[in-house]
Structures are given as C-alpha cells and as structure tokens.
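Accompanying notes for the structure given below.
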Amino acid sequence: MAPINLMAVRNWLKSQYPNPELNPEWIQTTVAALQEDDPTLDLRGMFFAIQTQLLLSNLEHSMLPQPLSRIPGKLATLPQEPSSVHDVYLYGPEKKDGILLQIVSISEVGHSAFQTMNTMEHRKEALSGVGRIRRIREHVDPDQGNNVTGDQPDEEDNEPDDVPPYPRSMLMLDVSDGFRVMRAMEYKRIDRLKLGETALGCKLILRNVKVRRGILMLTPENTEVKGHMVEEFEELQPVLFKNGLLRRMGKPEMPIELETEPERRQQEPAADFDADLSDGFVMDEAVASELDRVEAAATQFSQSQARPPMSS
C-alpha cells in the first residue's frame, strides 16, 4: 500500500470546494477507508475517490462549523439569521468564493399541494406496476429451468412512459451547510433540479447569489448542481415529502419513525420544510402573492371535491 499525502488530498479538495472548511478528521478516516478498500489507489485516484465520498457525505460530518463573518458577502457558511438578510449578494463570483451545500428539502410551490399529491399517487401506482413486472421477469421457472429476465428487452427496465411527471413551475428548497439551514427559491428554472428525481443530500455549489428577504434566489448562473445524495436523508424522503403536502392542505401528517437519535437530528431541517411559507421570514411580495393565489385555488378545489353530491 503506497502512502498517501494527506496534505495533498486536503489541498486538492480545498481547491475544488473552498467553503465551508473541510473536517481534517473526516479526510483522514476517509482516506484510510478508501486505501483499505483499494490498496492500489494512487494520489490521482484518491483525489476522485474522496471527491465522490464528499458528495455522498452528510456535510455535518465532512465539514467544520464556521464562525460568522461580519462583512457582507464574505460568509464561508450560511447566515445565522437568514430572515435578517435582504438585498445582498453572498458568496462572490470567483471559484474560491463558492460554498458547497446539500439539499435537505425540495418541493414544488408553483402548483397546488392538491395537484402535486394527486400526481404523487399516480406515480406511485404506475411505478408499483413496474415493480411487479420486474419481479415476474426475474422469476425462474423451476419446471422449465429458464430465466425470463434474460429473454426480455432491456428497455422494459426503464421508467415507463405512463409515469406522470410532477407539475413543474417553481421549486422551493431548504439547503444546509451541515450546521445551518436556509431557504432557497428557484428564481430561474434549473433543469438539473427535478422533483421526484433530485435526491435529498444532492450537493450544490453557490456563487454570487442574491438574497431577498432571507431567501436565496437560485439561477443557472449562480447554482452548480453536483448531484449525489445522502442515504439517511433519502430514506425518509417519501414520508417527509408527503407530510409537507398534507400540512399545506391542512390534513393530519403521517408519523415519522427514526431508528436513532443522530438520524433524528439530521432529518429535523427537512421535516419542517413545508411549514407555512410565512413562518419565520417575510417573502418577496410578488412571490407571496402568487403562492397565495395558488393555495387559495387549491383549497377551493379541495373543498368542492369534498362536498357530497346534491340530491336530485
């Protein structure tokens, strides 16, 4: 096993992900684990292997908490009180100014919760049918001795055309540096962010982002989508997403069962995502007006659906 220069690994990671500050203990233990898994890794191979691990990590573990800067735009972390930040640009335009964040919540707010819930149920039904087909195909008939899987075309493994896409207008996210959480709005459409496909824990790099009334205004120009996920976040994504919709519709939420207290702490930011959009910060008037209109229409529609039919 060739020795790996930890300082070289740290410096390379720092050049790619300058903010927040990398946790040196995480680097050391991850390098050791990667070497144990593949003793032939050279330094170049280690660079890309540990980058993948970073993008799969919970930033609470791989980064260090940072002191807050008093200079506007010079933060190396998220603001402690996002609601007090308005009409400023954070994280300058240069590569050295970028900040690595992870998505802890994602939802569509340009359409009603009722419409999104219906789409979710239709997708669930369609995808469960795909699962049944795959289980049948993977069955080996003991009498015939033939494996059906090998006799079917590969394209049947893909998501079928009848799985409806989620309505797409404007995404609202909660993003975290591992220690603080801040709301972000898709001010301009970012094609690589997709409800139902973008996983929780997906990493973003933000540069030169305008903040309006405590909300990061995301655009393709200031947001680089690095992808990947955090496994423990993604495991709870279905119930958290559904609870957010139920909360917006004024309906009881599903219970959330967590195995360990550390997992509970990691999931708390996501659990609170779809609370009333007026709770904790003031939204831009134009955006708030549009969201009020959408929610009012959805509520009116839900009430009309709930009324019993009139007798003739």
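- In the hydrophobic clustering (ILVMFWY side chains linked at under 4.5 Å, chained through shared members), Met229 is joined by Leu56.
- Glu81 and Ser83 share no donor-acceptor pair across their side chains, judged by distance under 3.5 Å alone.
- Between Asp97 and Arg207, no side-chain nitrogen of the basic residue sits less than 4.0 Å from a carboxylate oxygen of the acidic one, so the salt-bridge criterion is not met.
- When the side chain to side chain donor-acceptor pair (under 3.5 Å) test is applied to Lys194, no partner is found at least two apart in sequence or on another chain.
- The nearest pair of heavy atoms linking Gly98 to Ile205 is CA-CG2, 4.2 Å.
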Full working for side-chain contact (heavy atoms from CB on, under 4.5 Å) between Met172 and Glu108
CA-CA 6 Å; Met172 190 75 80; Glu108 167 63 48; over 6 Å; no
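- By the 4.5 Å heavy-atom criterion applied to side chains, Glu232 and Asn58 are counted as neighbours.
- Contact check on Arg189 versus Asp191 returns a salt bridge, with a Lys/Arg side-chain nitrogen under 4.0 Å from an Asp/Glu carboxylate oxygen.
- Pairing each heavy atom of Ile106 with each of Thr198, the nearest pair is CD1-CB, 4.2 Å.
- Contact detail for Pro20 and Leu100: the closest heavy-atom pair is CD-O, 3.5 Å.
- Shortest non-hydrogen contact noted between Val9 and Ile50 is CG1-CD1, 3.8 Å.
- Ring to ring, Tyr17 and Trp12 are not that close: their centroids are 6.0 angstrom or more apart.
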List the steps, then state whether side-chain contact (heavy atoms from CB on, under 4.5 Å) holds for Glu186 with Met217.
CA-CA 6 Å; Glu186 188 186 36; Met217 302 284 110; over 6 Å; no
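- When every heavy atom of Gln28 is checked against every heavy atom of Leu6, the shortest pair comes out as CG-CD1, 4.1 Å.
- Residue Val230 is grouped with residue Leu101 when hydrophobic side chains (ILVMFWY) are merged at heavy-atom distances under 4.5 angstrom, including chains of intermediate members.
- Counting heavy atoms from C-beta outward, Glu224 and Leu204 have side chains that stay 4.5 Å or more apart.
- For the pair Pro79/Leu90, a side-chain contact is recorded, criterion being any heavy-atom separation below 4.5 Å from C-beta on.
- In the hydrophobic clustering of this structure, Leu55 does not group with Leu200; members are Ile, Leu, Val, Met, Phe, Trp, Tyr whose side-chain heavy atoms approach within less than 4.5 Å, directly or through other members.
- Leu59 and Leu64 fall into different hydrophobic clusters, where Ile, Leu, Val, Met, Phe, Trp and Tyr residues are linked whenever their side-chain heavy atoms come under 4.5 Å apart, directly or through other members.
- A pairwise comparison of heavy atoms in Leu195 and Ser107 identifies CD1-CA, 4.1 Å as the closest pair.
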